[in-house]
Number of protein chains: 2
Amino acid sequence: VTRDLSGCGGPRLGIVGGGQLAKMTALAALELGCEVSILERSPASPAAPLSSHYAVGDWNDPETLLRLAERVDVLTLENEFVDAAALAAVAARGHALYPTARSIGLVQDKLTQKQALRAAGLPLPDFAAAESPAEVVAAGEALGWPLVLKARRDGYDGKGNATIEGARDVAAAWARLGGGERDLYVEAFCPFVMELATILTVGQDGRVASYPVVESEQRDHICHLVRAPATVPPRVYRQAEDVAQRAVAAVGGTGSFGVEMFLAPDGRVLVNELAPRVHNSGHYSIEGCATSQFENHVRAVLGLPLGSTDLRASAAVMINLLGHSEGPGWPAGVPEALAVPGVHLHVYGKARSRPGRKMGHVTALGGDPGETEERARRAAAALVFGAIQ
Amino acid sequence: VTRDLSGCGGPRLGIVGGGQLAKMTALAALELGCEVSILERSPASPAAPLSSHYAVGDWNDPETLLRLAERVDVLTLENEFVDAAALAAVAARGHALYPTARSIGLVQDKLTQKQALRAAGLPLPDFAAAESPAEVVAAGEALGWPLVLKARRDGYDGKGNATIEGARDVAAAWARLGGGERDLYVEAFCPFVMELATILTVGQDGRVASYPVVESEQRDHICHLVRAPATVPPRVYRQAEDVAQRAVAAVGGTGSFGVEMFLAPDGRVLVNELAPRVHNSGHYSIEGCATSQFENHVRAVLGLPLGSTDLRASAAVMINLLGHSEGPGWPAGVPEALAVPGVHLHVYGKARSRPGRKMGHVTALGGDPGETEERARRAAAALVFGAIQ
């Protein structure tokens, strides 16, 4: 669907994917005066209402990607699952694409991602290829149980993961994740005392804008709550900054990157996973930082100077709003949530709520971390997606 | 033009007008999860790319307004020039409309606006009806020269104003403003030491969110620069807050209102003009306040609780970016402007630059007012609309 918009002659940004990350990127791009085009698999999506051109199609098809590329100045991605070969084909035709097909290729296969990080000397949990149940058993004996069996591609929010307690569980986990048809690998289970994360935005000139290191809490493998900044000793904070910078440098590229880390019981910071895109752990930056991860991503892919990542308050707390049950994409409890002082509500505009689906988030800013978190929790608790309204 | 967007079941907001005020309102509404529909006279506008439904038509035609009203939950206005009788017809059919037709009717005729403000006991420059050149001369003799002859309706940014130095200039000014065909009135010329302004957002429950009092500088009758907060003695600051609250109460209604004031040489604060809508003097609130004038306007018209208007920095300075000459709507100098620390750029996305046309604005935040203004000026100076690119 294209609308006849004459445009202002500003940069035309194409986003592959139309979910909430694309929507928040589009909001930042529109504020700057860009025109936004979206390629999505389904005809409705959170980013659809913000696009001047909306194409429905398969983003792994090089021809479909090319048609989007031809109507924009710069192409970027909302997710790392787009086929790297299709992206390389678009780049080979001279289209600007950030992150690069090479970065995406390295990162989208978690095994090659971890190999690249290990090759760059980064600390991370042990891992191994696992091409058969026997190799999983061998890895368990070498690395110790429990072990996490993971899909190499297309896994997110814990989907495509299985924790294996011992050799007797291997066959069932292998079958459940589709081993044989799907490439899998194993990771040592990493006990941790805290999960840390940060966003880095890399400009085209190689300059890096580093966001605060945050603490993230997961529930059922989905980001639940983010506390910015993380309350850790300065040594740990600096180690996390260093690890994140080196991890992003190891895969290379332009734009915003999310780096998830483990703080191990021995005080070491290990890389968990890297996402070559804006990331859930950086949503607090919309209100919490001088320049959001979304605006800096747009600035980066357009070759513009990056903005300050300074926190605008002593504390920012973000809580994800997941669908409770089937229902509309607008929650009950909005008046109650907005009555909580200093709370910002983001409803993504998904057509339907489903249990566990990311439907929106709230961010609270404040002077005291505990009081700020209390307000964020109070607002989040008021909001119910899928309730009878 | 309608796009087939299933929507999330969130509130549907209709905005009459599609300029930069509608665009910034739409950005706030989309972030909250609303669906936005726009009615504009021309097929392209800054708000067009953000709308799920975009109607081209005459906003003074009750039938056209009704068609918009029927597809939304709440109707609001970007400007006060929409015919109040047409609005009343829509409201009479049971559609929610904020501000009300009554407020618009009172405010859109500047003579009745001033009469309402005077009736409420507010201090404002002397004014008088002027139905003939002879009445202008009589007013000049009563109120003193110079005198400002003004169109009662549809004037903005100094359009529809003429300053008259003495009786001999009356005939020419009368002819130039179309006296006879157009209703005019006169105001005493108000010498002032500073222009002040503020935004008030009125919730449906009558609660008022008051933004900081700011200093505004005009150039050629167009808002050029806004300093938040205004550097005036506390007594003056409180007087401005009080005058603004009473002025808004005098016209009544729901949503954001802009109040422009004069600080007279004798230290009194006089009302200059009131706009029943978001206002240029409040653009700094997007980054400068906890909740922007746009988000609070959306919250107000939807009947939601209002957010905090606290400044998020010690100083915020906004500078309007006007078109220098004919050309595209995207400026030269964006990399240079964004290289200035702490500067936020808003390009409205108008198709063409014209001399004096409002094309965008920059806002800088900082700790020191002078240093913040210097950065805003540096960024604004780098940006040229209409330059050969």
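As a basis for the values below, the full set of heavy atoms in this structure was taken, side chains included, without hydrogen atoms, waters or symmetry mates. Only a predicted model underlies this, so the values are computations on that prediction, with no experimental measurement involved. In what follows, every chain begins at residue 1, and chains take the letters A, B, ... in the order their sequences are listed.
Around the CZ atom of A/Arg377, the shell of radius 6.0 Å holds more than 12 heavy atoms that belong to other residues, nucleotides or ligands. Within a 6.0 Å sphere centred on CZ of B/Arg375, other residues, nucleotides and ligands contribute more than 12 heavy atoms.
Rounding to the nearest 0.5 Å places CG of B/Leu365 at 11.5 Å from CG of A/Asp310. In this structure, the separation between CG on A/Leu50 and CG on B/Leu27 is 7.5 Å, given to the nearest 0.5 Å.
For the pair A/Leu32 and B/Val347, the minimum side-chain heavy-atom distance is 4.5 Å or more.
Considering every non-hydrogen atom in both B/Arg312 and A/Glu287, the closest pair reads NH1-O, 3.3 Å. Across every non-hydrogen atom of A/Ala339 and B/Pro305, the tightest pair is N-CG, 3.8 Å. Taking each heavy atom of B/Lys350 and A/Cys8 in turn, the nearest pair found is O-CB, 3.0 Å. Nearest heavy atoms, A/Lys23 versus B/Leu30: NZ-O, 2.6 Å.
There is no contact between A/Arg352 and chain B, counting heavy-atom distances below 4.5 Å. Of the two parts of A/Leu304, only the side chain, counted from C-beta on, holds a non-hydrogen atom closer than 4.5 Å to a non-hydrogen atom of chain B. Using a 4.5 Å cut-off between heavy atoms, A/Ile286 contacts chain B through its side chain alone, with no backbone atom that close. Only the side chain of A/Glu295 has a heavy atom closer than 4.5 Å to any heavy atom of chain B. Both the backbone and the side chain of A/Pro335 come within contact range of chain B, with heavy atoms under 4.5 Å apart. Contact of A/Val343 with chain B is made through the backbone alone, with heavy-atom distances under 4.5 Å.
Contact count versus chain A (heavy atoms, under 4.5 Å) is highest, among B/His346, B/Met24, B/Glu31, for B/Glu31.
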